[in-house]
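Each chain gets a letter, A, B and so on, in the order the sequences are listed, and its residues count up from 1.
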Protein chains: 2
Amino acid sequence: MTTIKDIARRANVSDATVSRVINNSPNVKPQTREKVNKAIEELNYYPNSLARGMRSKKTHSIGLLLADITNPFYAETAKTIIERAGNHGYSIILCTTNNDISEQQKYIDVLLQRKVDGFIFASVHWKDPSLSAVIEAGLPYVLYNRKTSAYKRSNYVVLDNELGAYLAVEHLYKLGHRRIALIRGPHTFSTGKERSNGYLKALKEFGLSHDEKLIVQGKYSGKESYDSAMKLFNSNKPPTAIFASNDLMALRAYDAALFCGLSVPRDVALVGFDDIEIASHRAIGLTTVSQNRNLMAEIALDTLRKIIENESPQEPAQVVLKPMLTVRETCGSQMKKI
Amino acid sequence: MTTIKDIARRANVSDATVSRVINNSPNVKPQTREKVNKAIEELNYYPNSLARGMRSKKTHSIGLLLADITNPFYAETAKTIIERAGNHGYSIILCTTNNDISEQQKYIDVLLQRKVDGFIFASVHWKDPSLSAVIEAGLPYVLYNRKTSAYKRSNYVVLDNELGAYLAVEHLYKLGHRRIALIRGPHTFSTGKERSNGYLKALKEFGLSHDEKLIVQGKYSGKESYDSAMKLFNSNKPPTAIFASNDLMALRAYDAALFCGLSVPRDVALVGFDDIEIASHRAIGLTTVSQNRNLMAEIALDTLRKIIENESPQEPAQVVLKPMLTVRETCGSQMKKI
DNA sequence: AGACAAAATGTAAACGTTTACATAATACTA
DNA sequence: TAGTATTATGTAAACGTTTACATTTTGTCT
């Protein structure tokens, strides 16, 4: 391993000067800089991040905690974050929690040991004690997509989920649907809760009765939503439309509908949430609540970077983005006459 | 920050003893161990990974380089790797290269500075000089999915892509198809090349003429495959079946077919490669070459871990897994009579 | 040319561990 | 019980940087 000392010896300067060159310190004679760079080149030297971090208390690494990287929503936002971080000299340590708080806790501990400069969470629960370790350590963090009740002064960037859900149901209502079901996401997450709220709000506003039979459970990934949709279709008064709390769930419902021999949208209309890539495929054509994912991820990263680099304990950045409805084929323009 | 010294003082032992406790060294009196653990508990101490890595030359971190995390194939394998690594005390630093060699080179440099214990690559090109830095540094690495010609003695775990493609074309042939097109992946990757080879081999074997007009270009992600499929459909002798080099490309072709008013599989049959999650959705039903992704990712990680932990420079581990064809709806069981 | 300010460089400590080696405590043997 | 082997603990150096401070060099002004 060639170290800063080797360079120093070769260039006939002190370690400190080499360090100055590496760090682009202004006060170094151009001639010296050149000498040092030459030695660096010749010996194929690159600095040791561990030693740097050890001394300077900055590792230029960020912990990113996601529920599930196979959910396209997270994959796409992670991509944005990783690339943007890389462009600014930060590396991303990626951890996936499977929505398990104790997993998250475990990863937070690991990342604290690794001395990350900050955290980005897209994995928090509404009740989530695990952030306390981060806060005690005094490390900056930003939440995206999901908020938590545990720390009101968190930095976050989220969507107006209630509005999104409202728009979805409104659309269905205007198409003539009156029996609109909800496959709700887990209420242990702000997204699940808020989207359910938006659904209920719309029902009330349009004078539709709140029928508990039309509300079924789902998880954001996995097969549960499929079974829940089946339950809806097999009930004695099935819905004419379904709003699902995310696209993955909507796709499961779609799958279940096809299994039941139902046609979408003729027999049942479908709206999802997230606008993942596949939603726009012509074989799917999922109507969905869309959000500017890139923007969300960008804001999350930039906010964190600003906090890390300024160290200024300003007011928490709390951004709420507005969703819009992207209309495709799964709702049709007419509802089936019953 | 509470350090090992604080613990030592509190427990009335030396730093070395604390270190021994932390590292589960055998030679420490149970009573002492308890004393130390108590102090650790009380002061809420956790060791500093940077300092550890600095001294012990092991960071328990692994660099994972992928082309594109939004491709479900990579997302799913990454998930497996991240989780499995976490279970063994390793953290994953994730980098995405967008199939750009210079990006890859850049990330390799960063990861070398960060003193990762090893690399996992699913991003290598067939001609790929960027690994040389890893090899010079003497760090272990494992390739998965793609091989490279640059280093014959690399550890890798890949699929028998040629066989996979052959199976796909064979299936189409047996269904009666004689004009079978290929949307080929970039030949700058082993996967693209090998899958094309399998296609050609099958053509030859079944006595089908090799028609260059039936072979079009695609990239593994992005819209290019859509345009290429359009070209096929708009030609004066369109194919009755298409084999695409991965599922994402097959989905693009599917989309293009629908845009052209073609029915799948009545007007055109479709086979993909990878068997990503959405392929099994009933609205899609993509026939595809499937592989045991979990297995591939598991082997990749376990192989790397073994090398890291044994340090033994054995024979390179070179694993080739066998694919199988998963038949769904996009081929039908009959071809259209022309 | 001399005095002073500014710029460039050097020195050495510090960051928080692990580890080779030395030493002390304990257990075992005859 | 003395002598020895074994186990437990301590000491101090080392890992490769950065940085506060000290020192030297260079430049500016009269």
Exam field: side chain B:D117 to backbone B:K58, donor-acceptor pair closer than 3.5 Å: no
Within residues 25-32 of chain A, which residues have any heavy atom lying less than 4.0 Å from an atom of DNA chain C? A:N27, A:V28, A:K29, A:T32
When you measure from the side chain of A:T70 to the backbone of B:E76, do you find a donor-acceptor pair of N or O atoms at a distance under 3.5 Å? no
Spell out protein contact along nucleotides 10-23 of chain D as letters: B when the base is contacted, S when just the sugar-phosphate is, - when no protein heavy atom is under 4.0 Å; keep the 5' to 3' order. BB-BBBBBBBB---
Apply side-chain hydrogen bond (donor to acceptor under 3.5 Å, both in side chains) to B:D15 and list each qualifying residue two or more places apart in sequence or on a separate chain. none
Is the ring pair B:H125/B:F189 parallel, tilted or perpendicular, if the boundaries are 30 and 60 degrees? perpendicular
Distance alone, cut at 3.5 Å: any donor-acceptor contact between the side chains of A:N27 and A:S25? no
Donor-acceptor check, side chain of B:N98 to backbone of B:D100, threshold 3.5 angstrom: yes or no? no
Do side-chain atoms of B:S149 reach the backbone of B:W126 as a donor and acceptor pair under 3.5 angstrom? yes
